[in-house]
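Below: one structure in structure tokens.
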Amino acid sequence: NGVFYNDVKAKTVNTTPESYELQKTIKEMADAGVDCVAMEVSSSGLMMNRVNDIKFDIGVYTNLSPDHIGPKEHPTFEDYRYCKSLLFSLCKHGIVNLDDDNAWYMIENAKCDIATFSIHKDSDLKADNIKLTRDEKTLGVEFDYIYKGETKTHTHICSPGEFSIYNALAVISVCKYLGIDKEKMLKSLSNAKVDGRVEVLPVLPYATVVVDYAHNGMSLENVLNTLLMYKPNRMISLFGSIGGRCAIRRKELGDVAAELSDITVITTDNPDDEDPMDIINDIAKSYENSDCEIYKIVDRAEAIYKALSIAKEGDMILITGKGHEKYQIINGERVFYDEKGEVIKAGERVRREKGIDL
């Protein structure tokens, strides 16, 4: 997403910048009066020693699935997991999602004290009484949380699904450790939205259109299962996959969408130096024994229009892979592309063709 503080907005090439760039940025933050920084620390950043000289007060572990494995990233899942665990050798305090299959690996390899959160297992901070919510512009969820046997506290977040609850529990755990006022924390949490994360775009009056960043099998499965809980008439999914690396993602994405979608539009994501149609055809192999109807459309803008044009009353359209990003990687170059802008334009085109007003 970049670097944001005070009135500064700066782009970054990597999720976790190179060490010299990172140190420079943190120094600039400190000089500007910033006293608290939240940072996403990637497995590649840890593997390449970009954060070795940063003393983290808190490290948070959410979940892990096979990803970022290939010649340009991690050689094996075990290496990927090990690199992730290195964060907890750089922290004073660790916070871990105990429901994740790899949670105990993180805990056993940690060199700091650990607090836990969960939905299903017993932990320091546990969610209960989960209910989905919905309005014209937001899909959300409300739940209670219990901290070490204390009285239940009710909260609401404007993002749905278990993955959103896990993220909220991580935030609550951090706030508790930092001693942040409970009411301020709950108010902020109830209003927090993440650009391109289960984001509802009200472009069709008869169907729900959702944009999300999901770009691997696990994240797509999480989002689709969450949206299916709202019982749409039909689930229409749209996605592609990256070129040049992580080829395993194509099958994972295709397998999930073929099982959970009624219709899929397979399109271009970040093809880089691969032929987009080759990537699309790789994904399409997952649909050979599926009842899911598919369309193959290379041009992503036209693919979005197709998904919206075939939608009927009560359908839900999930458009994934780009989310907040404002580019596509084509032949090594970042080419401007605005997912939400294209969805809005496609919605206007469909409404105009059908003579419908919002």
message: Using only atom types and a distance under 3.5 Å, with no angle test, would you say the side chain of S89 pairs donor to acceptor with the backbone of L86?
response: yes
- line: With N270 as partner, the option from K322, H215, Q328 fulfilling side chain to side chain donor-acceptor pair (under 3.5 Å) is K322
field: Test applied, side-chain contact (heavy atoms from CB on, under 4.5 Å); reference residue, T320; option that passes from L220, V211, D269, L238
entry: L220
task: If a pair satisfies ring pair (Phe, Tyr, Trp, His ring centres under 6.0 Å) and one of its residues is in residues 235-288, list it, with sequence neighbours excluded.
output: none
query: Same hydrophobic cluster for F117 and L186, using side-chain heavy-atom links shorter than 4.5 Å among ILVMFWY?
result: yes
Non-hydrogen side-chain atoms of P160 and V198 separated by less than 4.5 Å: yes
- prompt: Would you find more than 12 non-hydrogen atoms of other residues, nucleotides or ligands less than 6.0 Å from K176 atom NZ?
  reply: yes
message: Tell me the closest heavy-atom pair linking T16 and G45, and the distance in Å.
response: CB-CA, 4.3 Å
- prompt: Any donor-acceptor pair under 3.5 Å linking the side chain of S286 with the backbone of A258?
  reply: no
message: Any non-hydrogen side-chain atom of M235 less than 4.5 Å from a side-chain atom of L260?
response: no
- request: Find out whether I58 and Y177 are in side-chain contact, i.e. whether some heavy atom of one side chain is under 4.5 Å from a heavy atom of the other.
  value: yes
field: Contact summary for L46 and C83, nearest pair of heavy atoms
entry: CD1-O, 3.1 Å
- prompt: If every non-hydrogen atom of S190 is compared with every non-hydrogen atom of C158, which pair is closest and at what distance?
  reply: O-SG, 3.7 Å
task: Show your working on side chain to side chain donor-acceptor pair (under 3.5 Å) between S237 and S261 and close with a plain yes or no.
output: CA-CA 6 Å; S237 59; S261 306; 2.8 Å; yes
- prompt: Are there more than 12 heavy atoms of other residues, nucleotides or ligands under 6.0 Å from atom CD of E333?
  reply: no
message: Nearest 0.5 Å, please: how far is CZ in F143 from OG1 in T153?
response: 10.0 Å
- prompt: Which atom pair, heavy atoms only, marks the closest approach of I236 to A307?
  reply: CD1-O, 4.0 Å
message: Is there a path of hydrophobic side-chain contacts, each under 4.5 Å between heavy atoms, that joins I263 and L318?
response: no
Linked, directly or transitively: L90 and Y105 (ILVMFWY side chains, under 4.5 Å): yes
message: Would the distance check show the side chain of D275 and the main-chain N or O of M277 forming a donor-acceptor pair, the cut-off being under 3.5 Å?
response: yes
message: Quick check for you: to the nearest 0.5 Å, what is the distance between L139 atom CG and T208 atom OG1?
response: 6.5 Å
- prompt: Can K187 and E183 be counted as an ion pair, charged N to O under 4.0 angstrom?
  reply: no
task: State which residues pass ring pair (Phe, Tyr, Trp, His ring centres under 6.0 Å) with H324; sequence neighbours excluded, sorted by chain then number.
output: Y213
field: Straight-line distance of E18 CD to M48 CE, nearest 0.5 Å
entry: 7.5 Å
field: Non-hydrogen side-chain atoms of L64 and Y80 separated by less than 4.5 Å
entry: yes
task: Could you tell me which non-hydrogen atom of A32 sits nearest to which non-hydrogen atom of N6, and how far apart they are?
output: O-ND2, 3.3 Å
Note: D282-R250 ion pair, threshold 4.0 Å (strictly below): yes
query: If you look at every heavy atom in R249 and S241, which pair is closest and at what distance?
result: CB-OG, 3.8 Å
task: Before accepting this row, confirm whether a basic side-chain N of the pair D57/K92 lies closer than 4.0 Å to the acidic partner's carboxylate O.
output: yes
- prompt: Can you check whether I297's main-chain N or O pairs, donor with acceptor, with T267's side chain at less than 3.5 Å?
  reply: yes
task: Look at the side-chain heavy atoms of Ile, Leu, Val, Met, Phe, Trp and Tyr, link any pair under 4.5 Å apart, and say whether Y82 and I114 land in one connected group.
output: yes
- prompt: How about N216 and S219: does a side-chain donor come under 3.5 Å of a side-chain acceptor?
  reply: yes
- request: Determine which pairs satisfy salt bridge (charged side-chain N to carboxylate O under 4.0 Å, His left out) with at least one residue from residues 36-46, sequence neighbours left out, and list them in order.
  value: none
Side chain N97, main chain T62, donor-acceptor under 3.5 Å: yes
message: My understanding is that only one of I356, V343, V209 makes a side-chain contact (heavy atoms from CB on, under 4.5 Å) with L204; could you say which?
response: V209
query: If two hydrophobic side chains count as joined below 4.5 Å and joins carry through other members, does Y305 share a cluster with L201?
result: yes
query: With no hydrogens and no angle check, do the side chains of S159 and S164 hold a donor and an acceptor under 3.5 Å apart?
result: yes
- prompt: Are V335 and Y327 close enough that some pair of their side-chain heavy atoms sits under 4.5 Å apart?
  reply: no
task: Can you measure from CD1 (I344) to CD1 (I304) and round to the nearest 0.5 angstrom?
output: 10.5 Å
message: So does H120 get a backbone contact from the side chain of D99, meaning a donor-acceptor N/O pair under 3.5 Å?
response: yes
message: Using modelled atom types and a 3.5 Å cut-off, is there a donor and acceptor pairing between side-chain atoms of R50 and backbone atoms of L22?
response: no
Neighbour count above 12 (heavy atom, 6.0 Å) for K312 NZ: no
message: Do Y5 and V37 make a side-chain contact, defined as non-hydrogen atoms from C-beta onward lying under 4.5 Å apart?
response: no
message: For a 4.5 angstrom cut-off between non-hydrogen side-chain atoms, does L169 reach I119?
response: yes
field: Residue pairs, two or more places apart or on separate chains, that pass side-chain hydrogen bond (donor to acceptor under 3.5 Å, both in side chains) and touch residues 20-35
entry: K24-E28, K27-D31
- request: Might you confirm whether atom CG of D128 has over 12 heavy atoms from other residues, nucleotides or ligands at distances under 6.0 Å?
  value: yes
Identify every side-chain donor-acceptor pair in residues 144-151 under 3.5 Å, counting partners at least two apart or on other chains, and give the distances.
from: D144; atom 1: OD1; to: H154; atom 2: ND1; distance (Å): 2.9
from: D144; atom 1: OD2; to: N129; atom 2: ND2; distance (Å): 2.8

- prompt: Should D315 and P232 count as side-chain neighbours, where that means a heavy-atom distance under 4.5 Å?
  reply: no
- prompt: In Å and rounded to the nearest 0.5 Å, what is the CD1 to CG distance from I319 to L308?
  reply: 5.5 Å
field: E348/K345 salt bridge by N-O under 4.0 Å criterion
entry: no
- prompt: Taking only residues at least two apart or on different chains, which pairs with a member in residues 191-201 satisfy side-chain hydrogen bond (donor to acceptor under 3.5 Å, both in side chains)?
  reply: D195-K340, R197-D212, E199-K340
- request: Without swapping roles, check the side chain of D124 against the backbone of T116 for a donor-acceptor pair under 3.5 Å.
  value: yes
query: Hey, is the main chain of E302 close enough, under 3.5 Å, to the side chain of D299 for a donor-acceptor pair?
result: yes
task: Quick one: pull up NZ in K296 and NZ in K306 and give me the separation to the nearest 0.5 Å.
output: 15.0 Å
query: What's the verdict on side-chain contact (heavy atoms from CB on, under 4.5 Å) for N167 and I157, showing C-alpha distance, side-chain angles and the deciding distance?
result: CA-CA 10 Å; N167 289 340; I157 53 176; over 6 Å; no
field: I107/F88 under side-chain contact (heavy atoms from CB on, under 4.5 Å): CA gap, chis, key distance, verdict
entry: CA-CA 8 Å; I107 293 170; F88 300 100; over 6 Å; no
- prompt: Okay, side chain of T138, backbone of G140: is any donor-acceptor separation there less than 3.5 Å?
  reply: no
